[in-house]
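Treat the numbers as computed from the prediction; the structure is a model and nothing was measured.
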Amino acid sequence: MKIGPTAILQEQLASTTSTLTVRSKRTEDCANGHRASPTGKGKMQSLDTYVINLDGSDDRLHAISNRLAGYGIVFERIAAVDGRGLDLSTVADYDAERTERYMGRSLVGGEIGCYYSHLKVAARFLRSDARYALVLEDDALPLCNPVELLETALADLDAIDPEWLLINIGNNKLKIATPLSGYDIGGYRCELVAAHYFPMTTSAIVWSREGARLFVEQHHKMFAPVDNYFRHWLTRTGHGYSFTPAPVTTTDAESQILASAGRGRKTNKRKWFYGLAKQWRLMQDKLIAFIHKKRFRPARTPTPPVV
């Protein structure tokens, strides 16, 4: 029997999400579990923060709670979808043949779970009245206050590209980008860029409502891990952004959602043409990115970087 995204996500969306509040000078009004922006909803146009965390991973939840508490950030916990035990032959929205052609290998259950987790948090965001969503995986390690950074940067980005879809603020490598605006947050300097070759990893991303809507509504079949899909999608459509250097990195803790993925990639999941498929994929994406970079014209003149 095939199980599709509707069955899996409906079950997961019905599971308990918990709003965690952090006491600080800016969040005393959240003491009874009421969610509010630590810097005030009126100051920026409604940014909600979500943390994806696997049930039972209490140590990781406690650790990121403490990290965010240092910045007075209130967040809502989203229970991750645990795909580690999935039989992929029963997943109706997994396209095994296309995945093997595109990736040169099969996906593993952990990657399916990670994909579903990001669909789940995007759907949750769309049910809110927030304009933006900051989504963190529980191994995210902010190097500055991400909410303070976004307070300024999102206003700039709305002016530069009113149709922006997604920002990767936790990238580990950035290529083929156009510098836009610079920021200094508590001594941490970084620059907003148009990410024509959208960066990998999903430890820290920021959705616009339109970006989240397209991600959820256009989901039909999985043919790549979610970060590979974001690169495929946003490298082709544009409207993807990032920061350099990244304002969020990760801890050394291994992702529990993807715990089985590394082993699967290195053994029988790869096809004989894996290397060729990877090189072809990278070549296509980089060529498209270079073309978009050459044609990119921001709606507003970018501000120079902070010196």
Side-chain angles (χ1 to χ4, degrees), residues 94-107 111 114-115 118-119 122 153 156-157 160-182 190-208 210-246 261 265-266 269-302 305:
Y94 170 56
D95 190 332
E97 291 184 3
R98 185 180 179 188
T99 301
E100 290 179 2
R101 291 196 306 270
Y102 184 70
M103 295 297 298
R105 64 175 180 85
S106 303
L107 299 189
E111 291 171 318
C114 184
Y115 203 121
H118 280 278
L119 279 170
D156 290 342
L157 183 53
I160 291 168
D161 179 5
E163 298 179 350
W164 72 270
L165 301 174
L166 183 64
I167 314 171
N168 188 324
I169 68 170
N171 69 83
N172 58 7
K173 187 180 294 186
L174 185 66
K175 299 179 181 179
I176 316 178
T178 299
L180 297 171
S181 301
C190 58
E191 192 171 11
L192 176 69
V193 301
H196 310 293
Y197 185 62
F198 197 75
M200 300 289 284
T201 74
T202 53
S203 59
I205 60 176
V206 181
W207 285 112
S208 68
E210 179 65 5
R213 183 189 68 81
L214 290 173
F215 177 47
V216 172
E217 292 185 0
Q218 293 180 359
H219 172 71
H220 299 294
K221 295 280 188 177
M222 282 177 279
F223 61 89
V226 67
D227 53 352
N228 285 94
Y229 172 72
F230 287 157
R231 170 170 286 179
H232 174 86
W233 171 32
L234 293 162
T235 295
R236 284 156 178 77
T237 64
H239 307 296
Y241 292 83
S242 192
F243 287 91
T244 183
R265 290 173 180 173
K266 295 177 182 178
K269 299 297 180 181
R270 289 185 176 182
K271 302 301 177 183
W272 65 267
F273 53 85
Y274 170 81
L276 293 173
K278 180 177 180 179
Q279 291 306 312
W280 174 246
R281 183 175 73 246
L282 296 179
M283 183 178 69
Q284 280 187 309
D285 289 347
K286 288 179 180 178
L287 177 59
I288 294 169
F290 276 121
I291 293 171
H292 284 184
K293 178 178 172 65
K294 186 174 181 180
R295 295 175 177 173
F296 179 72
R297 298 291 184 274
R300 190 200 74 182
T301 303

Quick one: [atom1] on [X] to [atom2] on [Y], what's the gap to the nearest 0.5 Å?
X: Lys271; Y: Thr99; atom1: NZ; atom2: OG1; result: 11.0 Å
X: Ser106; Y: Arg270; atom1: OG; atom2: CZ; result: 12.0 Å
X: Asp285; Y: Leu234; atom1: CG; atom2: CG; result: 11.0 Å
X: Asp227; Y: Met200; atom1: CG; atom2: CE; result: 3.5 Å
X: Ser208; Y: Leu157; atom1: OG; atom2: CG; result: 8.5 Å
X: Asn228; Y: Leu107; atom1: CG; atom2: CG; result: 8.5 Å

Output yes when a side-chain donor or acceptor of [X] lies under 3.5 Å from a complementary backbone atom of [Y], and no otherwise.
X: Asp95; Y: Met222; value: no
X: Ser242; Y: Ile167; value: no
X: Thr201; Y: Gly170; value: yes
X: Thr235; Y: Phe198; value: yes
X: Lys293; Y: Ala177; value: yes

What closest approach, in Å, do [X] and [Y] show between heavy atoms, and which atom pair accounts for it?
X: Phe243; Y: Val193; value: N-CG2, 4.4 Å
X: Asn171; Y: Leu174; value: OD1-CB, 3.9 Å
X: Asn168; Y: Pro199; value: ND2-O, 3.2 Å

| request: Could you give me the CA-CA distance, side-chain angles and deciding distance for Lys278 and Met103, then say whether side chain to side chain contact (heavy atoms under 4.5 Å, CB included) is met? | output: CA-CA 6 Å; Lys278 180 177 180 179; Met103 295 297 298; over 6 Å; no

What I'd like to find out is whether the side chain of [X] reaches to under 4.5 Å of the side chain of [Y], using heavy atoms alone.
X: Arg231; Y: Leu282; result: yes
X: Thr237; Y: Leu165; result: yes
X: Gln284; Y: Arg236; result: yes
X: Gln279; Y: Met283; result: no
X: Ile160; Y: Ser181; result: yes
X: His239; Y: Asp161; result: yes
X: Leu166; Y: Tyr241; result: no

| Working for side chain to side chain donor-acceptor pair (under 3.5 Å), residues Tyr102 and Arg281 | CA-CA 7 Å; Tyr102 184 70; Arg281 183 175 73 246; 4.6 Å; no

| query | Are Arg105 and Glu111 close enough for a salt bridge, meaning some N to O gap below 4.0 Å? | reply | yes

| Does the separation of the ring centres of His196 and Phe296 fall below 6.0 angstrom? | yes

| request: Check ring pair (Phe, Tyr, Trp, His ring centres under 6.0 Å) between His118 and all other residues, then give those that pass, not counting sequence neighbours. | output: none

| task | Test side chain to side chain contact (heavy atoms under 4.5 Å, CB included) on His232 and Phe223 and set out the steps. | result | CA-CA 10 Å; His232 174 86; Phe223 61 89; 3.8 Å; yes

| request: For the residue pair Tyr229 and Tyr115, categorise the inter-ring angle as parallel (less than 30°), tilted (30 to 60°) or perpendicular (more than 60°). | output: tilted

| What class does the angle between the rings of Phe230 and Trp207 fall in, given that below 30° is parallel, 30 to 60° is tilted and above 60° is perpendicular? | perpendicular

May I ask you to check whether over 12 heavy atoms, not counting those of [X], lie within 6.0 Å of atom [atom1]?
X: Phe273; atom1: CZ; result: yes
X: Glu163; atom1: CD; result: no
X: Lys221; atom1: NZ; result: yes

